[in-house]
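Values reported hereafter were calculated over all heavy atoms of this structure, with side chains retained and with hydrogens, waters and symmetry mates removed.
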Amino acid sequence: MKTPLLPLTATLAVLGVSLAHAEDTAKSPFALSFTLGATSDYVFRGVSQTQNEPAVQGGLELAHDSGFYVGLWGSNVDWVEAGGYKEDNSLEVDLYGGFRGTFADSFGYDFGIITYYYPGDKISGAVDPDTTEVYAGLSWKTVALKYYHTVSDHFAGWTTDDGGDTRGSYYLDLSASYDLGGGWGVLGHVGHQEVEDNDAASYTDWKLGVSKDLGFGVATLAYTDTDASKSAYTWDGEEVADARVVLSFQKSF
C-alpha cells in the first residue's frame, strides 16, 4: 500500500514536469510527474508487503494548479496469496485522487481518497483484501500529521474478532524530516493502525532513517519496527512486522 504524495509523509517528493502548449510558451496549469524505484523490502505501515523480499515500484501523478490531483502507483507484493485471499496475485495497484494546497505561509493540507487494488482470482470464502480509505492531512514546515479511515467493508482482508467487517479501521501517521545540507536528510515517523474490533491486528509502528540525494535519485536507509502481535503478523511462516532495516532508491521525473 502506498501513501499518497504529501510533503514529508511516508515517501519521497515527486518533481513536477510542466506540460507545455504546442504552439506557445504559456505554462500549462497541469503537471505530470513520474517515480521509479526499488527497495530491499516493501514495508507499509511497518509491515512487509513482500514477505521480506525486494520490490520494484513506480507511479505517475497528474496535478492541477488549483490543487486537484489524481495518481496511479504500483508494486509487487506477496501477502495476498500468502494470506489465502486471492490466487495469481503478485501486484498492488493504488488509485488515488484529492485536493491539496498551502495556507498561512508554512502550513499545508491534503484531502482525498485511495483504493488499494490487488488483481487476481478471489479464493472462495475468503475476505476481499481490496481496501478503500479516505484521508486528511495537515503539515507545518517539516512536520506532517495524516489520518486514514477505511470506508470499504474490510481493511486489508482483516475481520473483527467475531468475523464481521472492519469498516471504520483507521491509521494515524505523524512524520517529520530535517535537511542536514549537502543532500543529506533525516526522517522519523510514528503511526498507529487500529483494526476495527480486532485488538490482535492493531499495532503501533515507528521508523527512523537517513536519506541522500545522489543527483540521479534519492537513496534512503531506514530502521522500522512495530509492537504488532507476532502470531497475527506471521504469514506463510514469515514474520512480517518485526524490526528490520530497509534500503530503497527512488528516481523522480
Side-chain angles (χ1 to χ4, degrees), residues 1-4 10-11 35-60 70-97 113-135 148-171 191 193-203 205 224 226 228-242 244 246 248:
M1 296 179 172
K2 185 248 184 193
T3 303
T11 52
T35 61
L36 288 174
T39 179
S40 61
D41 190 352
Y42 171 21
V43 176
F44 175 75
R45 299 180 184 175
V47 178
S48 174
Q49 307 295 294
T50 47
Q51 295 288 91
N52 308 315
E53 295 295 328
V56 177
Q57 304 168 334
L60 60 88
V70 293
L72 172 70
W73 186 88
S75 175
N76 60 289
V77 296
D78 198 27
W79 68 272
V80 178
E81 278 200 25
Y85 298 105
K86 289 184 178 182
E87 295 177 338
D88 301 320
N89 168 267
S90 61
L91 181 66
E92 172 189 331
V93 178
D94 298 348
L95 303 170
Y96 63 93
I113 184 170
I114 182 169
T115 292
Y116 311 96
Y117 172 62
Y118 306 93
D121 299 322
K122 185 173 176 293
I123 295 174
S124 178
V127 174
D128 190 350
D130 299 340
T131 302
T132 298
E133 295 177 323
V134 294
Y135 56 86
Y148 298 83
H149 189 87
T150 302
V151 294
S152 52
D153 286 343
H154 297 88
F155 168 74
W158 287 107
T159 62
T160 62
D161 290 335
D162 59 3
D165 68 57
T166 48
R167 184 189 297 112
S169 298
Y170 68 84
Y171 185 73
Q193 177 68 63
E194 186 69 24
V195 180
E196 185 74 6
D197 292 332
N198 189 328
D199 291 339
S202 302
Y203 64 92
D205 72 289
T224 75
T226 79
S229 163
K230 287 186 177 182
S231 60
Y233 286 91
T234 297
W235 303 334
D236 199 23
E238 293 283 342
E239 291 185 17
V240 294
D242 54 347
R244 66 199 59 223
V246 179
S248 61

Looking at Asn76 and Val56, would you say the former's side chain and the latter's main chain have a donor-acceptor pair under 3.5 Å? yes
For Gly237, does its backbone N or O pair with a side-chain atom of Thr234 as donor and acceptor, under 3.5 Å? no
Please report the shortest heavy-atom distance between [X] and [Y], naming the atom on each side.
{"X": "Tyr85", "Y": "Ala156", "answer": "OH-O, 4.0 Å"}
{"X": "Ala200", "Y": "Ala232", "answer": "O-CB, 3.5 Å"}
{"X": "Ser75", "Y": "Ala55", "answer": "OG-CB, 3.7 Å"}
{"X": "Val195", "Y": "Ser202", "answer": "N-OG, 2.9 Å"}
{"X": "Gly84", "Y": "Ala126", "answer": "O-CB, 3.5 Å"}

Going by atom types only, do [X] and [Y] share a side-chain donor-acceptor pair under 3.5 Å?
{"X": "Thr166", "Y": "Glu196", "result": "no"}
{"X": "Ser152", "Y": "Thr131", "result": "no"}
{"X": "Glu238", "Y": "Asn52", "result": "yes"}
{"X": "Glu133", "Y": "Tyr171", "result": "no"}

Inspect the contact between Arg244 and Asp242 and indicate whether a charged nitrogen and a carboxylate oxygen are less than 4.0 angstrom apart. yes
Could you grab the distance from atom CD1 of Ile114 to atom CG of Asp94, nearest 0.5 Å is fine? 4.5 Å
Does [X] reach the side chain of [Y], with side-chain heavy atoms less than 4.5 Å apart?
{"X": "Asp205", "Y": "Thr224", "answer": "no"}
{"X": "Asp78", "Y": "Gln49", "answer": "no"}
{"X": "Lys86", "Y": "Asp128", "answer": "yes"}

Return the orientation label for the Trp79 and Trp235 ring planes: parallel under 30°, perpendicular over 60°, tilted otherwise. tilted
For Thr50 and Asp41: C-alpha separation, side-chain torsions, deciding distance, then whether side-chain hydrogen bond (donor to acceptor under 3.5 Å, both in side chains) applies. CA-CA 7 Å; Thr50 47; Asp41 190 352; 3.1 Å; yes
Centre of Tyr148's six-membered ring, under 6.0 Å away, within 45 degrees of the axis: is that where NZ or CZ of Arg45 sits? yes
Does NZ or CZ of Arg167 fall inside the cone over Phe155's six-membered ring, less than 6.0 Å from its centre and within 45° of the axis? no
Does Trp158 have its ring centroid less than 6.0 Å away from the ring centroid of Tyr233? yes
Ring centroid separation Tyr96 to Tyr135 under 6.0 Å: no
